[in-house]
Amino acid sequence: MERNVLPHDSAKAVPAPAPVPAPAPVPVPAPAPHHRALPAAMYACVVLVVGTVAAINLAVPMLAASALHPSASALVWIVDTYVIFFACLVIPGGAAGDRFGRKGVLLSGLLLFAAGTALSAAAPNVPLLLAGRAVTGVGAAAVLPNTLAVLLHAVPAERRGRSIAAWAAMTGIGGVIGNVGGGAVLSGGSWRWLFLAAVPIALLLAAFVARVAPVSARHDRRLDPLGALLLVGACVALLVGIVQGPEAGWGSALVIGGFAGSAALFTAWTLVELRTEHPLLDPRLFRVPALRSACLGMTAVFFGMFALFYVNASFLQYGKGFGVLRTGLGIIPLTVPIILGAQRVAPLARRIGLDATLALAFAFVGGGLLGLSTVNSGTAYTGYAGWLVVTGIGVTLALPTLSGAISGSLPPAQAGVGAGLQATTREFGSALGVAVIGTVLTARFVSALPADIRDGGAHGHGHPHTVAQALATAGPGRRHDIVTAFVSGADSGLRVIGAAVLVLGALVVLQSLISRRAATS
């Protein structure tokens with residue numbers, strides 16, 4: 001596949017951290033002869049941690065109507081707390097695997113994931129549920145980067161390209177499997193079952209990994225806890241500003257403070273990383289145009305895909321009247337292109353070029369989302385499914401192309417950090433997509449409610465911001481009006497997300513074209 005990246009020996013063009021003297025070689029056992037079991041184990045771990053991001057969206061209507069009584073912003077935080085810890089700590093997770101052993105960190109992550117989901121399942125209130133989601137996200141951050149690092153260590157060089165493509169495809173398929181599996185579990189009638197089901201799966205995978213994964217060499221790379229803390233704080237502050245806007249008011253001290261705090265913390269993080277002798281992620285790496293554009297592209301794709309997952313679950317249940325299992329199955333058309341076309345992307349990219357492949361990818365993702373925004377409660381599901389296929393084609397073109405570009409920008413010794421960078425862009429895009437579409441949906445939903453329902457809620461605890469709150473205010477007899485307002489909010493959200501993906505995609509392709517011309521001039 002054609003890649004617009006710099007070779008490893010051109011790293012001198014970008015200031016990098018001072019090299020660490022190589023330690024004496026540590027004897028490492030040869031990889032175990034589990035040629036088929038090892039990739040299966042790694043792919044299953046990817047599906048678990050990525051599928052969890054998607055599956056929780058199916059539970060949003062159940063959570064909204066549960067005894068926890070979460071607000072609209074709390075629902076977004078229940079989804080995003082896992083994702084933001086996942087995104088911000090995945091690079092430390094990869095670096096920890098490089099230093100302490102990838103297999104050991106991977107196993108620790110699976111056990112922490114199991115503990116977090118158990119806490120979430122038992123949570124009696126929203127704060128404890130959010131704590132469980134945070135612990136689960138920390139575990140996922142230890143799992144994901146080390147799955148790819150273990151694969152790259154164990155797989156022969158001639159098979160690494162195919163393994164990377166398959167691993168990247170699992171990050172897309174995992175979201176859909178999370179929807180389908182989550183729908184099956186939630187059909188039992190309680191959102192708690194979703195978390196309970198994840199506990200034995202994580203424990204079984206830990207046993208499987210312990211049996212088949214080889215031990216890899218350790219690299220003497222220092223960790224950067226201050227950098228990780230600043231990054232988490234900056235991302236949380238940014239989401240506070242986005243998520244709390246509709247409820248607290250865009251001019252409120254909370255929202256303005258969130259945005260201002262995020263800018264300050266991102267600035268502090270950049271300064272710390274530039275001055276740290278061994279940063280986990282050197283900001284100067286983003287001077288490489290190909291790496292910068294590929295990371296932006298990955299963020300944009302997952303921004304669109306997981307915004308869709310967040311809206312899809314509630315739209316099919318509220319707007320189309322689907323049960324939770326049918327809702328989980330309803331996303332399957334998105335996976336058809338991913339399953340059938342993942343192995344065909346590399347030959348296509350070689351034939352038409354990297355830039356054309358990316359342009360097609362973003363056109364399909366953004367166009368598919370805009371198409372979905374035209375669907376309403378009366379539209380046949382086949383029309384909805386058709387736009388899902390269009391979106392899936394774009395995701396299929398984007399994932400292996402962008403994943404390969406990011407991987408090719410870093411040397412093999414930084415495999416864990418490279419995988420972490422991929423995961424960070426994916427999960428940060430996912431968290432941002434959920435936050436943005438949740439904010440747009442809530443604002444439009446409130447404004448589209450009939451005045452008597454909207455003002456009726458204001459006499460109690462403010463305007464209703466969720467379907468469950470509106471039904472509690474107006475009663476089931478006004479369900480049609482409330483659902484109509486929700487569908488209007490969902491359509492507005494998808495239009496905003498679709499347009500954003502198209503704009504970001506244009507920037508990615510433009511950056512690629514400019515860097516290519518600069519390299520040849």
Undergrad: Under 4.0 Å between a side-chain nitrogen and a carboxylate oxygen: does that hold for Asp491 and Arg495?
TA: no
Undergrad: Checking Tyr384 now: which residues fulfil ring pair (Phe, Tyr, Trp, His ring centres under 6.0 Å) with it, not counting sequence neighbours?
TA: Phe315
Undergrad: Identify which one of Ile84, Val53, Leu432 satisfies the side-chain contact (heavy atoms from CB on, under 4.5 Å) criterion when paired with Glu427.
TA: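 The side-chain contact (heavy atoms from CB on, under 4.5 Å) with Glu427 is passed solely by Val53 among Ile84, Val53, Leu432.
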Undergrad: I need the Thr466 OG1 to Leu471 CG distance, nearest 0.5 Å.
TA: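 Here the interatomic distance stands at 8.5 Å.
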Undergrad: Using a 6.0 Å cut-off, check whether atom CZ of Arg326 has over 12 heavy atoms from anything other than its own residue.
TA: no
Undergrad: Distance-only check: which donor-acceptor pairs under 3.5 Å involve side-chain atoms of residues 121-138, not counting sequence neighbours?
TA:
| from | atom 1 | to | atom 2 | distance (Å) |
| --- | --- | --- | --- | --- |
| Asn125 | OD1 | Leu128 | N | 3.0 |
| Arg133 | NE | Ile78 | O | 2.8 |
| Arg133 | NH2 | Ile78 | O | 3.3 |
| Arg133 | NH2 | Val79 | O | 3.4 |
| Thr136 | OG1 | Gly116 | O | 3.4 |
| Thr136 | OG1 | Thr117 | N | 3.2 |
| Thr136 | OG1 | Gly132 | O | 2.7 |

Undergrad: Got a second to check how far Met62's CE is from Leu186's CG, nearest 0.5 Å?
TA: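 Those atoms lie 5.0 Å apart.
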Undergrad: Under the salt bridge (charged side-chain N to carboxylate O under 4.0 Å, His left out) rule, collect the residues that match up with Arg478, sequence neighbours excluded.
TA: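 For Arg478 the salt bridge (charged side-chain N to carboxylate O under 4.0 Å, His left out) partners, ignoring immediate neighbours, are Asp452, Asp481.
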Undergrad: Name the one of Leu239, Thr439, Asp80, Ile242 that satisfies side-chain contact (heavy atoms from CB on, under 4.5 Å) with Val434?
TA: Asp80
Undergrad: Roughly how far, to the nearest 0.5 Å, is CG of Leu316 from CG of Leu329?
TA: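 If I round to the nearest 0.5 Å, the distance is 10.5 Å.
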Undergrad: Sequence neighbours left out, cut at 3.5 Å: what donor-acceptor pairs do the side chains of residues 338-345 make with other protein atoms?
TA:
| from | atom 1 | to | atom 2 | distance (Å) |
| --- | --- | --- | --- | --- |
| Arg344 | NH1 | Leu340 | O | 2.3 |

Undergrad: Does Tyr82 have any ring pair (Phe, Tyr, Trp, His ring centres under 6.0 Å) partners at least two apart in sequence or in another chain, and if so, which?
TA: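 Partners of Tyr82 under the ring pair (Phe, Tyr, Trp, His ring centres under 6.0 Å) test: Phe86.
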Undergrad: Does the ring of Phe208 carry Arg211 above it, NZ/CZ under 6.0 angstrom from centre and within 45° of its axis?
TA: no
Undergrad: Among all residues two or more places apart in sequence or in another chain, which pass the side chain to side chain contact (heavy atoms under 4.5 Å, CB included) test with Ala184?
TA: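 Result, side chain to side chain contact (heavy atoms under 4.5 Å, CB included) vs Ala184: Leu325.
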Undergrad: Could you report the tightest heavy-atom contact between Val501 and Gly366, atom names first, then the distance?
TA: CG1-N, 3.8 Å
Undergrad: What pairs meet the side-chain hydrogen bond (donor to acceptor under 3.5 Å, both in side chains) rule with one or both residues in residues 46-71, with sequence neighbours excluded?
TA: Ser71-Ser73
Undergrad: How many angstroms lie between NZ in Lys103 and OG in Ser108, if you round to the nearest 0.5 Å?
TA: 12.0 Å
Undergrad: List the residues meeting side chain to side chain donor-acceptor pair (under 3.5 Å) with Ser403, not counting sequence neighbours, and say none if there are none.
TA: Gln422
Undergrad: Report the residue from Val90, Val83, Leu238 that forms a side-chain contact (heavy atoms from CB on, under 4.5 Å) with Phe428.
TA: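 The option that passes is Leu238.
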Undergrad: Do you know the tightest heavy-atom contact between Met298 and Leu399?
TA: SD-CD2, 4.0 Å
Undergrad: Locate the shortest heavy-atom distance separating Ile437 from Val311; write the atom from each residue and the value.
TA: CD1-CG2, 3.1 Å
Undergrad: Side chain to side chain contact (heavy atoms under 4.5 Å, CB included) with Thr379: which residues, sequence neighbours excluded?
TA: Val375, Asn376
Undergrad: Just jot down the ring pair (Phe, Tyr, Trp, His ring centres under 6.0 Å) partners of Phe486, sequence neighbours excluded, or say none.
TA: Tyr318
Undergrad: Applying side chain to side chain contact (heavy atoms under 4.5 Å, CB included), name anything that partners Val508, two or more places apart in sequence or on another chain.
TA: Ser293, Leu296, Leu358, Phe362
Undergrad: According to ring-ring contact (aromatic ring centres under 6.0 Å, His included), does anything in residues 110-152 pair up with another residue at least two apart or in another chain? List the pairs.
TA: none
Undergrad: CG of Leu360 to OG1 of Thr396: how many Å apart, nearest 0.5 Å?
TA: 12.5 Å
Undergrad: Nearest 0.5 Å, please: how far is CD1 in Ile201 from SG in Cys45?
TA: 11.5 Å
